[in-house]
Student: 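Below: one structure in structure tokens.
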Amino acid sequence: EKREIPQWFFKITAYADELLSELGNLPGWPDPVKIMQRNWIGRSEGLEIQFAMDDGEAPNTADSITVFTTRPDTLMGVTFLSIAAEHSLALKAAASNPDIAAFIDECRRGGTAEADVETQEKKGIDTGYFAVHPISGEKIPVWIANFVLMGYGTGAVMAVPGHDQRDWEFATKYDLMIKMVIIGDAVRDAIGELDRDVRNNSDPMTTALGESRPIDVIEGAGALSVFEDFENGIITKSAFTDYGTLVNSGEFDGLDFRGAFDAIAKRLEADGKGERRVNYRLRDWGVSRQRYWGCPIPMIHCDRCGIVPVPEDQLPVILPENVRFMGVQSPIKADPEWRKITCPSCGGPAERETDTFDTFMESSWYYARYTSPGAKDMVDERANYWLPVDQYIGGIEHAILHLLYFRFFHKLMRDAGFVKSTEPATNLLCQGMVVAETFFREKPDGSRDWINPADVEIEKDERARVVGARLKSDGEPVEIGATEKMSKSKNNGVDPRTMVGKYGADTVRLFSLFASPPDQSLEWNEAGVEGMSRFLRRLWRDLHAHVSQPDHPEVDAIALSPKQKTMRRQVHETIAKVSDDFGRRYAFNTAIASCMELLNAVAKFTDMDEQSRAVRHEVFESMVLLLTPITPHISQALWTALGHVDPVHAHAWPEANEEALRKDAVTLAVQVNGKLRGTIEAPVGAAREAVEAMALANSDVSAHIGASIVKKVIYVPGKIVNIVI
RNA sequence: GCCGGUGUGGCGGAAUUGGUAGACGCGCCAGACUCAAAAUCUGGUUACUGAAAGGUAGUGUGGGUUCGAUUCCCUCCACCGGCACCA
């Protein structure tokens, strides 16, 4: 059932629409990742418009410049076109003009990374060519601009300096015309008033300007500067980029964004000069890299047959290991022998591809291969048993690239018939980085000698503030640097095995999960681990003290004293909280904290009667089960101590008992004007009037009300009473 | 520059749907035990003020919405991640 693979198959842009829409079917993925991917794909609706070249100036009248715009409503404000340095027309202009050629060279030298392009100084050069405005027929100049990239859209943009900030800055710098064709609502409304007075001119802006009185009227609408600019025929402050109403746009005057979009689209479509189009910011994925390390691209270049795939029985192409590195070039590129091969199609001499795949290529489908070890194909039928991945975990730094390629590849495999699912992973957790403090000493040449945190002693003042640090070996001070991601270059890596050796794996795992929620960065700091060790030792000691007591009956919920009930309720509250923290919130730190609270509470619960011992048994059994996923080894030992024969991991996860969770009374905060002034104990389900009366009767509260009149009382059952005076 | 995130005690962090800010842990202080130390246990620990009870302020900045804001909205600042070849 494998499909014939069409030519567009490997283009990620062919999947742009699906990659975007399927984000809506990923409830188990974090919102920030989905938002970043949505923005990265960047779907936008607009018009593609052709600007013909002016006959008298163009080197070839067949030339035209195609632009894409999401703001066709500003079309009548176009005063020039900006094209990329690699645009065919730019290259044509460069052929006869050394200044232009030099400018293009300069653009090439600049970085192509989006961050470089967006932060560099906006520069341009006039090509000397003119295009024709598709509606007004005006001649408009064509400029080359360093911020227009060939890889985006069509490599050319229509410039509307009046209503685009970047175009505005460019036009101001090079003294190009700026037209106002959109006005905001405030200006429109003010003009509307003037228009009613005059009524005899169809162009409201002209009417307003024709009168000697508009300024004071407009001033009230808060648009004075815009209006003054218009009087002078230029926008001086900055571009007006909001949506609004069209002016100075001939037949389109008075239309809003939507109306203008439709009218202009219709007009251009009728004239064959433009059409509606959906554009994506997403670019195609170039998968080849000019380096040695990597998976060779299994393609063969034949002069007669073109590019021919390596036959399947010769896969995989193995990277030669017996190579010599010389300079920066890949050794398989330098080696004239390795690439020699006969063409599998015609049998003539041919050459292997010497580029290797981008590492993102393999990381895009390894998870699928893991389901089918030894499979002859990429995967076999086992993939459909395991996939999609239930829980995928990776760093947030992969939010865009890896996780988009990952989704793309899964859809490719689906369309090739390898898997049936549409998305590779149901749930995604992006964990933070492991960071640690850095320490250094400055060397005479100003460079830094980084010192490992394990070799440093921290000095603190009497208020426990860090005042300095010393090297353990010589006792001399060292400088304290930033807290950064663990790295070799900053020598702040700490091997957890040292800690595991000292405290055991359970303690270290407990510590690393307790230190911060998984999606935040984790500070690896030895100080906290002592607390975890203490907690486990207390649990061990208290549990063994409990099992050394005489046997006890089952818990009899009806026979429990209020104190026993409270203790038992806390057990079930903890079960409910830990279950939710593990299953829904991934909040392991708070799950552990509530187990600690439970241990603190049971340590104070020292009654020795039978039912107390029964409740205490429930505390320890539950706590051991709740901690098992984090501390399996000590949990198993404690489980055995509690008298169980079966392994702890085989036991069912505890469930919170509704009956045990029930409360008779609840503590309510009482506020006066939003400030906490006291608390009251109210029976659950008490009437509003009764609760209000209790709140007003509270002495701390009444002291703050004094002789004032109570205006309003807000009561949120189970939470607060707020008395407004 | 753009997109996303973060900012809370001395420190890591909690507050889940707008409802008692600082849970839990570290550190620190005091006490108990001890000849002593370690370990352990008990109590305290946001700041200012006050003998105390308490009062006032307080969650990066400045504003706003609300009876009530760490939480929602706007502004700004700092830091972290990504920006398509980290060859």
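Numbered from 1 within each chain, the chains take letters A, B, ... in sequence-line order. Because the structure is predicted, anything quoted here is derived from the model rather than measured.
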Student: Indicate, with a heavy-atom threshold strictly under 4.0 Å, whether A:V716 touches base, sugar-phosphate, or nothing.
Tutor: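 Result for A:V716 = base.
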Student: Can you tell me the pairing partner of B:G7 across any strand shown, Watson-Crick or G-U wobble, with both distances under 3.5 angstrom?
Tutor: B:C77
Student: Once hydrogens and angles are ignored, does a donor-acceptor distance under 3.5 Å link the base of B:C3 to the side chain of A:N39?
Tutor: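 Under the 3.5 Å cut-off, the side chain and the base do not form any donor-acceptor pair.
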Student: Calculate, to the nearest 0.5 Å, the distance between atoms NZ and CD belonging to A:K411 and A:E18 respectively.
Tutor: 3.5 Å
Student: Under a 3.5 Å cut-off for both distances, is B:A32 Watson-Crick or wobble paired, and to whom?
Tutor: B:U40
Student: At 4.0 Å (heavy atoms only), tell me whether A:M36 reaches a base, stays on the sugar-phosphate, or touches nothing.
Tutor: base
Student: Given B:C67, B:C24, B:C3, identify the nucleotide with an atom nearest to the side chain of A:N722.
Tutor: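 Among the listed nucleotides, the one closest to the side chain of A:N722 is B:C67.
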Student: Answer with base, sugar-phosphate or nothing: what part of the nucleic acid does A:T667 contact at a heavy-atom distance below 4.0 Å?
Tutor: base
Student: Using a 4.0 Å heavy-atom cut-off across all strands, classify A:K675 as base, sugar-phosphate, or nothing.
Tutor: sugar-phosphate
Student: If we call it a pair only when both distances are under 3.5 Å in a Watson-Crick or G-U wobble match, what pairs with B:A57?
Tutor: B:U46
Student: Confirm from the modelled atom types if A:Q520 and B:G13 form a donor-acceptor pair under 3.5 Å, side chain to base only.
Tutor: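 A donor-acceptor contact between them is absent.
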Student: In terms of side-chain heavy atoms, does A:Y280 have a donor or acceptor partner in A:D17 at a distance below 3.5 Å?
Tutor: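 The answer is yes; a qualifying pair exists.
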Student: In whole Å, what separates the P atom of B:A23 from that of B:A14?
Tutor: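 Rounded to whole Å, the distance is 13 Å.
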Student: In terms of the angle between their ring planes, are A:F147 and A:F170 parallel, tilted or perpendicular, with boundaries placed at 30° and 60°?
Tutor: perpendicular
Student: Which listed nucleotide (B:A15, B:G1, B:U20) is nearest to the side chain of A:R585?
Tutor: B:A15
Student: Describe the nucleic acid contact of A:E597 in one word from base, sugar-phosphate, nothing, applying a heavy-atom distance below 4.0 Å.
Tutor: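 Sugar-phosphate only.
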Student: Kindly say whether, by distance alone, the side chain of A:R584 makes a donor-acceptor pair under 3.5 Å with the base of B:U16?
Tutor: yes
Student: Base, sugar-phosphate alone, or nothing: which one does A:I35 contact when heavy atoms must sit under 4.0 Å apart?
Tutor: sugar-phosphate
Student: Between B:G25, B:A84, B:A15, which nucleotide gets closest to the side-chain atoms of A:N600?
Tutor: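 Of the candidates, B:G25 comes closest.
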Student: For the pair A:F409 and A:W285, name the ring-plane relationship: parallel under 30°, tilted 30 to 60°, perpendicular over 60°.
Tutor: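 Plane angle over 60°, so perpendicular.
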Student: Regarding A:T590 and A:D581, do their side chains bring together a donor and an acceptor under 3.5 Å, going by distance alone?
Tutor: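 Short answer, yes.
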